[in-house]
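Below is one structure, written out as structure tokens; comments come after it.
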Amino acid sequence: MSTSGYKRILLKLSGEVLMGDQSFGIDTDTVARVAEEVKAAKDTGLELCLVIGGGNIFRGMAGAAKGMDRAQADYMGMLATVMNALAMQSALEQLGVPTRVQSAIQMDSVCEPVIRRRAERHLAKGRVVIFAAGVGAPYFTTDSGAALRAAEMRCDALFKGTSVDGVYNADPKKDTDAKRFETVSFDRVLQDNLKVMDASAVALCRDNDIPIVVFSIREQGNLAMVLAGDGVSTVVSNQA
Ligand code: UDP
């Protein structure tokens, strides 16, 4: 068991994490670096579920803003998450980490469908399970997908790796006085509309008592530090 006391976690990474310094798409060097972070987390003895967004390739809202049918655009976004999942699977396997991808949109020749009991078996065998295509329905995001899989797989916590090192009371990029919370309650996040995850994802975690740990994945080694209880992060929970 890791020093944080968690046995099984879900790690959610936004698609943008895979772009590196590019403005679009998948930067293979960056994917390899992130895969090393994931491997280090796995090597602490954790059971690891992974959800990766698709924002580095396509977001349904952006397509809809340009006149596309929203549901159609969202399906394209979901397909983007499958591409990211396959890129991460490849990078993890190059590091010797056994991995399975399960997609909420069935694609038999590419990856497995989401089957909870099968996912359990993979985790028991020490494999990382990457859940792709979010919840498999339009008008949702991969944040909701991450919260859903975290609940379904009974994860002890949902770790959200982004480009910001936690949850602030204002946008730190715009307000120099913005303060980072060490801990904050789900209710406060929802009431004050703090930028953590979508409200539906936050509510699902609140109702199932799954803490969300928000941290920066940009600094090398940070995930392992946060997992060890060090490092900079904000913990969102019912206990705060
Ligand atoms: N998406 C969806 N349903 C889901 C998950 C994702 O429709 O359950 C679509 C949606 O268009 C979203 C896109 O996939 O914009 C990419 O996911 P997301 O925006 O969550 O990626 P991230 O911001 O985490 O990179």
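The model shown is predicted, which means the values in this text are computed figures rather than measured ones. Residue numbers start at 1 and run along the sequence shown. We count ligands from 1, going down the list as the structure has it; atoms in each ligand are counted the same way.
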Criterion side-chain contact (heavy atoms from CB on, under 4.5 Å) on Lys195 and Asp171, from CA distance to verdict = CA-CA 8 Å; Lys195 299 281 168 269; Asp171 186 346; over 6 Å; no
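- Annotation: atom 5 (C) of ligand 1 to nearest protein heavy atom, Thr141 C, 3.3 Å.
- Under the 4.0 Å criterion applied to side-chain N and carboxylate O atoms, Glu182 and Arg180 are assigned as salt-bridge partners.
- One N or O on the side chain of Asn56 and one on the backbone of Gly25 form a donor-acceptor pair closer than 3.5 Å.
- Close contacts of ligand 1 with Pro138, meaning ligand atoms under 4.0 Å from a residue heavy atom, involve 7 (O).
- Remark: ligand 1 atoms within the under-4.0 Å shell around heavy atoms of Gly134 are 4 (C), 5 (C), 8 (O).
- Against a heavy-atom cut-off of under 4.0 Å, Gly55 is close to the following atoms of ligand 1: 21 (O), 22 (P), 25 (O).
- Close N/O approach between Gly15 and ligand 1 is found [any backbone or side-chain N/O within under 3.5 Å].
- The nearest non-hydrogen atom to atom 23 (O) of ligand 1, considering only Gln72, Arg59, Lys12, Met78, comes from Arg59.
- Of the heavy atoms in Met76, none comes closer than 4.0 Å to ligand 1.
- When only non-hydrogen protein atoms are considered, atom 8 (O) of ligand 1 lies nearest to Val135 N, 2.8 Å.
- Annotation: atom 21 (O) of ligand 1 to nearest protein heavy atom, Gly54 N, 3.0 Å.
- The closest donor-acceptor contact from the side chain of Asn222 to the backbone of Gly231 lies at 3.5 Å or more, if one exists at all.
- Under a hydrophobic clustering in which Ile, Leu, Val, Met, Phe, Trp and Tyr are joined whenever their side-chain heavy atoms come within less than 4.5 Å, directly or via other members, Val17 and Ile9 fall into the same cluster.
- Contacts between Ala137 and ligand 1 below 4.0 angstrom, taking non-hydrogen atoms only, involve the backbone exclusively.
- Protein heavy atom nearest atom 18 (P) of ligand 1, with residue, atom name and distance: Thr142 OG1, 3.4 Å.
- For atom 7 (O) of ligand 1, the closest non-hydrogen atom on the protein side is Asp74 CB, 3.1 Å.
- Scanning the protein for heavy atoms near atom 2 (C) of ligand 1, the closest one is Phe140 O, 3.0 Å.
- Numbered from 1 in the order shown, with element, the atoms of ligand 1 that lie under 4.0 Å from a heavy atom of Gly53 read 21 (O), 22 (P), 24 (O), 25 (O).
- Atom 14 (O) of ligand 1 has its closest protein heavy atom at Gly77 C, 3.1 Å.
- Using a cutoff of 4.0 Å between basic side-chain nitrogens and carboxylate oxygens, Arg154 and Glu120 are not scored as salt-bridged.
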Should Asp27 and Met19 be marked as a side-chain contact (heavy atoms from CB on, under 4.5 Å) after you check the CA-CA gap, both sets of side-chain angles, and the distance that decides it?
-> CA-CA 5 Å; Asp27 176 47; Met19 312 197 290; 5.7 Å; no
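- Of the possible polar contacts, one joining the Thr99 side chain to the Val97 backbone as a donor-acceptor pair under 3.5 Å is found.
- Judged purely by atom type and a 3.5 angstrom limit, Arg149 has no side-chain atom pairing as donor or acceptor with the backbone of Cys49.
- Shown in contact with Phe58 at under 4.0 Å from a heavy atom are these atoms of ligand 1, numbered in order with element: 13 (C), 16 (C).
- With respect to Asp29 and Arg33, no salt bridge is recorded, no charged nitrogen being found less than 4.0 Å from a carboxylate O.
- Using a 4.0 Å heavy-atom cutoff, Ser144 is absent from the residues neighbouring ligand 1.
- The protein atom (non-hydrogen) at minimum distance from atom 15 (O) of ligand 1 is Gly60 N, 3.2 Å.
- Here the side chain of Glu37 pairs a donor or acceptor atom with the backbone of Gly221 at under 3.5 angstrom.
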